[in-house]
Amino acid sequence: MYEKITSDFIDFAMKNPTCFHVVNAIAKDLSEAGYEELKETAIWDITPGGKYFTTRNNSSLIAFKIPKKDVLGINIAAAHTDSPALKIKGLNAEMPVEGSYLKLNVECYGGLLMSTWFDRPLSIAGRVMVKEKDKIVEKLLKIDRDLLMLPSVAIHMNRDANKGIAYNPQQDLLPLFAMTGLESKASGKAPKKSNSSLLAEVIAKELKVDQKNIVSCDLFVYDRTPGSIWGANNEFFSVQHIDDLECAYTGLRGFKDAAFTAGQTSMPMLALFDNEEVGSGTKQGADSTFLFDVIGRIGEALGYGKQKIDSIIAGSLMVSADNAHAVHPNHPEYHDPVNRPLMNKGIVIKHAANQHYTTDSVSAALFKEICSIAKVPYQEFYNRSDKPGGGTLGNISNAHVSLNSVDIGLPQLAMHSCYETAGTYDAAYLARAMKVLFSKSLITGNGYTFK
């Protein structure tokens, strides 16, 4: 039987459809657990034994606990908050068709599986910048009703549909939003002016603001299909954004549950970055200075010099957590002949000779020791030698903060679908491993040990 953390995660994923909602929810959770928020625009006053977090762009977050003893290293778990999606092209996104249909102009964010977005209930979420008197404020938007649809072309109109379709994002992925003129016919009211924006009107009504005060937005289309636990023995679950919210959520759970011992010398740190799905090259991505800046500010606030900070980084470990590909039941041939992860069989350690994954023999051994202490199973993943896979944030972050790093994830199917599938046992495994990571001190020198 699956553990409760799986149903908790499904609820979390359904409530938080964008990176902005994810970070807002985690920030609230940490605040309620006694963590103090540090603003990047302020001078940091931190003390040994304190618990803190900071955000950047309200879409990335780093949380940490300061050991009471001298800091010798940092145990970091990193994941990302974003997922592939359809992003709405601003407030001027309405596209009339045939004089009555109104669709929305969108573009692809990340490498989404386009076919999965058709014929399912969709809506809009993200953030909106609103003018309030003399200042501009950020407001979260989640329209919690079925609002959009991407209808497929009928088989009668495209007899080759089942032979495979090459989708054109500018033509095929624009969701249907409304029909115009219906209100005037039914009510006798004058039709809306051609320069009015129904999208802005819907946003303003949802946020309870004046439409003319809406300045700009970052809005995404999201899938409203309810999450589900299924299978003959409830061994599978499906929901939006399993990649990579499952790792972000289990990392958070392990971080909060970890015992903070008086003799701990490794600083526990949870780092959640945005924009991994589009290359991480933003001010809030893993390819930014965010992690480097936070570590430097912590060291400076504790009175450490550069050499001390450098020695702390050298004695650190990053667990880069981003989900992994389980063997597909209909296409097992896509996977390595020997290393074949399965759902519900444990955490996946990911390897790549081209170093798109950072795992090496040292970091793999360290993570296997963590799994041994936590008493959780692990598996290993390599791509087929003739099918190079993608990378993740570990090696990107390592270019800015160089330390031992291992890439891991939980096995799943349909990665980058808008409705993904994973095993109901695995979330608990990773939460337990993360709890050990955050509870232990990594001792380096003559070998490695966790104490």
Name the orientation class of the two ring planes belonging to [X] and [Y] (parallel below 30°, tilted from 30 to 60°, perpendicular beyond 60°).
{"X": "Phe290", "Y": "Phe273", "value": "perpendicular"}
{"X": "Phe381", "Y": "Tyr357", "value": "perpendicular"}
{"X": "Tyr109", "Y": "Phe220", "value": "perpendicular"}

Residue pair [X] / [Y], side-chain heavy-atom distance below 4.5 Å:
{"X": "Leu122", "Y": "Asp146", "value": "no"}
{"X": "Leu148", "Y": "Leu176", "value": "no"}
{"X": "Val221", "Y": "Ile88", "value": "yes"}
{"X": "Leu198", "Y": "Phe177", "value": "yes"}
{"X": "His356", "Y": "Pro388", "value": "no"}
{"X": "Ser83", "Y": "Asp244", "value": "no"}
{"X": "Thr6", "Y": "Phe237", "value": "yes"}
{"X": "Leu413", "Y": "Pro329", "value": "yes"}

Do [X] and [Y] have a side chain donor and acceptor closer than 3.5 Å?
{"X": "His241", "Y": "Glu246", "value": "no"}
{"X": "Ser238", "Y": "Thr421", "value": "yes"}
{"X": "Thr358", "Y": "Asp407", "value": "yes"}
{"X": "Thr282", "Y": "Asn275", "value": "yes"}
{"X": "His80", "Y": "Asp274", "value": "no"}

Closest non-hydrogen atom pair, [X] against [Y]:
{"X": "Lys142", "Y": "Glu206", "value": "O-OE2, 3.6 Å"}
{"X": "Arg253", "Y": "Ala431", "value": "CB-CB, 4.5 Å"}
{"X": "Leu393", "Y": "Ser320", "value": "CD1-OG, 3.6 Å"}
{"X": "Pro226", "Y": "Tyr419", "value": "O-OH, 2.7 Å"}
{"X": "Met318", "Y": "Ser397", "value": "CE-OG, 3.5 Å"}
{"X": "Pro169", "Y": "Met114", "value": "CG-CE, 3.7 Å"}

Heavy-atom neighbours of [X] [atom1] exceed 12 at 6.0 Å:
{"X": "Asn162", "atom1": "CG", "result": "no"}
{"X": "Glu300", "atom1": "CD", "result": "no"}
{"X": "Asp119", "atom1": "CG", "result": "yes"}
{"X": "Lys51", "atom1": "NZ", "result": "yes"}
{"X": "Ile155", "atom1": "CD1", "result": "yes"}
{"X": "Tyr101", "atom1": "OH", "result": "no"}
{"X": "Lys89", "atom1": "NZ", "result": "yes"}
{"X": "Asp210", "atom1": "CG", "result": "yes"}

>> So, taking the atom named CZ in Phe9 and the one named OH in Tyr249, what distance separates them when rounded to the nearest 0.5 Å?
In response: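 Reported value, rounded in 0.5 Å steps: 9.0 Å.
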Would the distance check show the side chain of [X] and the main-chain N or O of [Y] forming a donor-acceptor pair, the cut-off being under 3.5 Å?
{"X": "Thr54", "Y": "Ile62", "value": "no"}
{"X": "Glu277", "Y": "Pro84", "value": "no"}
{"X": "Asn213", "Y": "Val130", "value": "no"}
{"X": "Glu201", "Y": "Leu199", "value": "no"}
{"X": "Glu420", "Y": "Asp243", "value": "yes"}
{"X": "Arg384", "Y": "Glu333", "value": "yes"}
{"X": "Thr180", "Y": "Ser100", "value": "yes"}
{"X": "Thr81", "Y": "Cys19", "value": "no"}

Step by step, would you call His351 with Tyr382 a ring-ring contact (aromatic ring centres under 6.0 Å, His included)? CA-CA 5 Å; His351 305 261; Tyr382 290 78; 4.6 Å; yes
Do [Y] and [X] meet the salt-bridge criterion of a basic N to acidic O distance under 4.0 Å?
{"X": "Asp11", "Y": "Lys15", "value": "yes"}
{"X": "Lys139", "Y": "Glu132", "value": "yes"}
{"X": "Arg127", "Y": "Glu138", "value": "yes"}
{"X": "Lys350", "Y": "Asp322", "value": "no"}
{"X": "Asp293", "Y": "Arg56", "value": "yes"}
{"X": "Lys435", "Y": "Asp257", "value": "no"}

Quiz item: How would you list all residue pairs meeting ring-ring contact (aromatic ring centres under 6.0 Å, His included) that involve residues 16-43, not counting sequence neighbours?
Solution: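 ring-ring contact (aromatic ring centres under 6.0 Å, His included) check on residues 16-43 returns Tyr35-Phe255.
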request  = Just do the side-chain contact (heavy atoms from CB on, under 4.5 Å) check on Ile143 and Leu141 with the steps written out, would you?
outcome  = CA-CA 6 Å; Ile143 300 179; Leu141 175 75; 3.9 Å; yes
inquiry  = Exactly one of Val348, Ile349, Asp336, Asp426 should register a side-chain contact (heavy atoms from CB on, under 4.5 Å) with Pro341. Which one does?
reply    =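 The side-chain contact (heavy atoms from CB on, under 4.5 Å) with Pro341 is passed solely by Val348 among Val348, Ile349, Asp336, Asp426.
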Report the residues that fulfil salt bridge (Lys or Arg N to Asp or Glu O under 4.0 Å) with Lys28, sequence neighbours left out, ordered by chain and then residue number.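 For Lys28 there are no salt bridge (Lys or Arg N to Asp or Glu O under 4.0 Å) partners, ignoring immediate neighbours.
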Tell me, with the steps shown, if Ile76 and Phe64 meet side-chain contact (heavy atoms from CB on, under 4.5 Å).
CA-CA 9 Å; Ile76 306 170; Phe64 53 93; over 6 Å; no
_side-chain hydrogen bond (donor to acceptor under 3.5 Å, both in side chains) between Asn105 and Gln170, worked out_ = CA-CA 8 Å; Asn105 195 12; Gln170 190 60 70; 2.9 Å; yes
message: Checking Arg297 now: which residues fulfil side-chain contact (heavy atoms from CB on, under 4.5 Å) with it, not counting sequence neighbours?
response: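 Applying side-chain contact (heavy atoms from CB on, under 4.5 Å) to Arg297 gives Glu40, Trp44.
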With side-chain contact (heavy atoms from CB on, under 4.5 Å) as the criterion, how do Met415 and Asn323 come out once you've worked through the C-alpha distance, each side chain's angles and the decisive distance to 0.1 Å? CA-CA 8 Å; Met415 189 177 289; Asn323 269 4; 4.1 Å; yes
- Please test Leu150 against Leu86 for side-chain contact (heavy atoms from CB on, under 4.5 Å), starting from the C-alpha separation and ending with a verdict. CA-CA 11 Å; Leu150 257 176; Leu86 298 172; 4.1 Å; yes
ask   = Is there a side-chain hydrogen bond (donor to acceptor under 3.5 Å, both in side chains) between Thr225 and Arg120 once you walk through the steps?
value = CA-CA 7 Å; Thr225 307; Arg120 59 174 65 237; 3.0 Å; yes
